[in-house]
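For reference, the structure is listed below as structure tokens.
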Amino acid sequence: MADEKPAMTCGIDLGTTNSAIAFIDEHGKAQVIQNTDNERITPSVVLFEESEVLVGKIAKNSAVAAPDRVVQFVKRHMGEEGWVKNFFGKEYTPETISALILKRIVQDAETVSGGKVGSVVITVPAYFNEVERKGTQDAGIIAGLNVVSILNEPTAAALAYGLDRLGEKKRVLVYDLGGGTFDVTIIEIDGTKIDVLATDGERRLGGIDWDDEIINLVAEKFQAEHGIDPRSDVEACQDLRNKAEEAKMSLSKLDKVRILCQCKGKSTKVELSREEFEKITKGLLDQTETYLGVVLEKAKLSWKDIQTVLLVGGMTRMPAVVQMIQRVTGIKPETGINPDECVAMGAAYYNAVLALQAKPSEEPELALAGEVLKEAMDEEVMILLQGVEVTNVNSHSLGIVGIHKKTGKVVAHKMIPKNTPIPVEITKPFGTEKADQASVIIKIVEGESENPEDCTEIGTCEIKDLPKGRPAGSLIDVTYSYSVDGRLQVTGKDRISGKEARVEIVRSSGMDAKEIKDAQKDLVQVEVG
Ligand code: AMP
């Protein structure tokens with residue numbers, strides 16, 4: 001059809017509690033696309049019915065009535081081995097459930113915009129490890145999407161913020177506290193160069209933990225009054241969870257709230273002031289404060305070197321967060337960006353950057369999308385995006401398990417230390433253990449400890465068919481190559497024969513290629529509403 005709209009260049013913020021999608025409009029600006037409920041963010045909540053799956057507001061509202069058929073906060077389990085849910089005889093992994101969320105978001109975006117979602121960039125917390133990144137990418141593939149990159153959330157936020165303010169050189173601190181994850185990142189924006197200087201955080205710290213404090217306080221009062229713990233009743237507990245979250249959000253505006261807890265025909269009303277709320281959650285906020293110092297130190301900077309603080313994630317609407325950051329950094333956080341939307345917008349911009357910079361000989365499809373963008377886009381914006389360069393750092397050390405030559409101890413040797421600018425390729429030689437060794441198994445680990453037991457094994461790879469007659473200690477050059485989207489490739493090269501073994505990592509957890517394909521086929525048949 002001659003007047004068919006070109007596919008949209010999109011960015012998706014796949015959040016723990018909420019998700020959002022943005023596209024690049026005809027002027028080259030990122031715009032959030034509403035869902036079919038006329039909302040700009042969609043709860044990342046899934047309700048399983050016999051004949052269909054519901055995602056979003058309805059699923060969230062059903063959490064009380066049908067808690068055992070609702071899945072929330074699945075992002076916290078991304079890539080987790082053995083985490084599966086069973087509904088109506090079907091097994092769902094974190095990746096397949098995330099794919100259902102993506103499917104609904106994309107479906108809605110297409111319905112509302114009347115266009116087609118083309119390539120997508122999906123964001124992840126900066127602190128996500130290799131397995132969690134791979135899980136996110138797999139979720140996109142299962143949903144049938146063309147995932148061109150995985151981008152760190154703070155980088156996306158900085159991109160959305162920075163594109164309007166280019167020309168100024170500044171260092172930006174991104175404090176991202178969402179529903180389930182937390183990270184702090186220091187980024188330098190210089191012209192169209194965006195460099196991540198340091199990043200750190202907790203993959204399991206977020207709004208849910210603040211909600212839990214309220215739940216515990218109310219439940220204990222209820223128990224003291226009625227002798228029943230509402231947390232042990234699934235429905236009452238879910239109801240209390242919703243009310244705790246509402247109370248937390250109201251306390252960002254009001255001085256006090258009342259929470260009605262109901263269980264087994266009994267009820268208790270608890271009054272909670274902002275002051276008391278801040279007192280019971282102080283430990284959580286303090287944890288985030290510690291990371292501010294850690295990241296500043298890692299970037300080898302002091303607060304006077306930082307010009308801007310960006311707040312990302314719904315939790316940053318809490319006055320206590322703003323006050324703490326202002327007290328520690330001496331900087332009033334920027335209010336010009338929407339903490340719920342800037343990540344999806346930044347992801348869409350990054351997708352446009354990749355498309356505009358793609359070489360037709362290497363990435364024909366993406367380059368074609370770039371051509372389509374160029375035709376419509378304002379020239380000024382196009383030149384800007386074409387010049388964008390993003391340099392990231394890795395958030396976890398990547399190592400190899402080996403035997404220490406002198407001590408004979410099994411150690412995790414760091415190949416790419418944490419906070420190394422990426423993309424990076426590092427090669428180090430390792431000796432074979434025995435004479436005539438035919439194969440070498442490389443154990444890949446992630447973590448900061450020298451002890452392999454304290455690290456996470458993310459996979460292994462094997463260099464096979466080594467030439468015969470080699471003595472013990474024959475050298476194998478092992479190369480770790482880490483791409484901008486935080487994905488790892490491992491290569492081993494035998495020094496004597498020059499034989500190279502580029503090896504696909506066999507991952508310790510997550511899904512393999514066949515499982516992804518099967519899940520993709522399965523998902524096509526699932527009705528998502
Ligand atoms: P995100 O993952 O960025 O969507 O953030 C979601 C988290 O932010 C949830 O835990 C929400 O309860 C929380 N949140 C959203 N709005 C507010 C608010 N006004 N005050 C406090 N927390 C909020």
Side-chain angles (χ1 to χ4, degrees), residues 11-22 32 35 39-45 55-57 59-61 63 72-78 98 101 105 122-128 132 136 152-154 156-157 160 174-185 201-215 238 240-257 259 272-274 276-278 280-281 284-285 288 310-325 333 335 337-347:
I12 299 178
D13 171 7
L14 181 61
T16 312
T17 23
N18 298 299
S19 297
I21 183 166
V32 167
N35 62 19
E39 274 158 8
R40 297 168 74 82
I41 53 174
T42 302
S44 308
V45 185
V55 175
K57 198 163 140 187
K60 190 171 180 183
N61 293 342
Q72 305 191 65
F73 317 125
V74 71
K75 185 172 171 179
R76 278 198 160 183
H77 303 283
M78 191 62 95
S98 303
I101 299 170
I105 288 168
I122 307 178
T123 57
V124 291
Y127 209 61
F128 252 25
E132 293 159 322
T136 306
N152 286 352
E153 288 160 11
V174 184
Y175 175 100
D176 182 353
L177 185 59
T181 56
F182 165 71
D183 39 67
V184 185
T185 306
E202 285 276 346
R203 65 170 73 92
R204 284 190 174 216
L205 180 65
I208 312 161
D209 302 291
W210 270 257
D211 301 343
D212 281 345
E213 295 295 339
I214 300 180
I215 293 171
Q238 185 55 52
L240 186 53
R241 175 161 296 286
N242 290 353
K243 285 176 176 160
E245 189 187 9
E246 267 167 38
K248 173 190 71 179
M249 294 201 279
S250 300
L251 284 171
S252 293
K253 287 226 167 77
L254 307 173
D255 288 335
K256 63 174 177 268
V257 290
I259 304 159
L272 181 64
S273 67
R274 187 190 290 171
E276 192 179 359
F277 170 60
E278 288 177 358
I280 60 171
T281 54
L284 297 169
L285 193 64
T288 74
L310 290 188
L311 299 181
V312 181
M315 288 290 291
T316 58
R317 292 207 173 87
M318 291 195 310
V321 167
V322 181
Q323 284 153 15
M324 180 276 285
I325 292 175
T335 48
I337 66 164
N338 184 325
D340 295 326
E341 299 181 3
C342 61
V343 171
M345 288 167 66

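Counting starts at 1 for both ligands and their atoms, in listed order.
Side-chain contact of T316 with Y175: a donor-acceptor pair under 3.5 Å is absent, judged by distance alone.
Residues satisfying the side chain to side chain contact (heavy atoms under 4.5 Å, CB included) criterion with I337, sequence neighbours excluded, are Y161, L310, C342. Checked against side chain to side chain contact (heavy atoms under 4.5 Å, CB included), K60 has the following partners two or more places apart in sequence or in another chain: P43, V45, E245. Residues passing the side chain to side chain contact (heavy atoms under 4.5 Å, CB included) test with I208 are T16, F73, R76, D212, R241, sequence neighbours excluded.
Taking CG of D13 as the reference point, atom CD1 of I41 lies at 9.0 Å (rounded to 0.5 Å).
Listed by chain and residue number, the protein contacts of ligand 1 are T17, N18, G178, G179, G207, E245, K248, M249, S252, G313, G314, M315, R317, M318 (heavy atom within 4.0 angstrom).
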Requested in this report: Decide yes or no on side-chain contact (heavy atoms from CB on, under 4.5 Å) for S98 and M78, but give the supporting numbers first.
Outcome: CA-CA 8 Å; S98 303; M78 191 62 95; 3.3 Å; yes
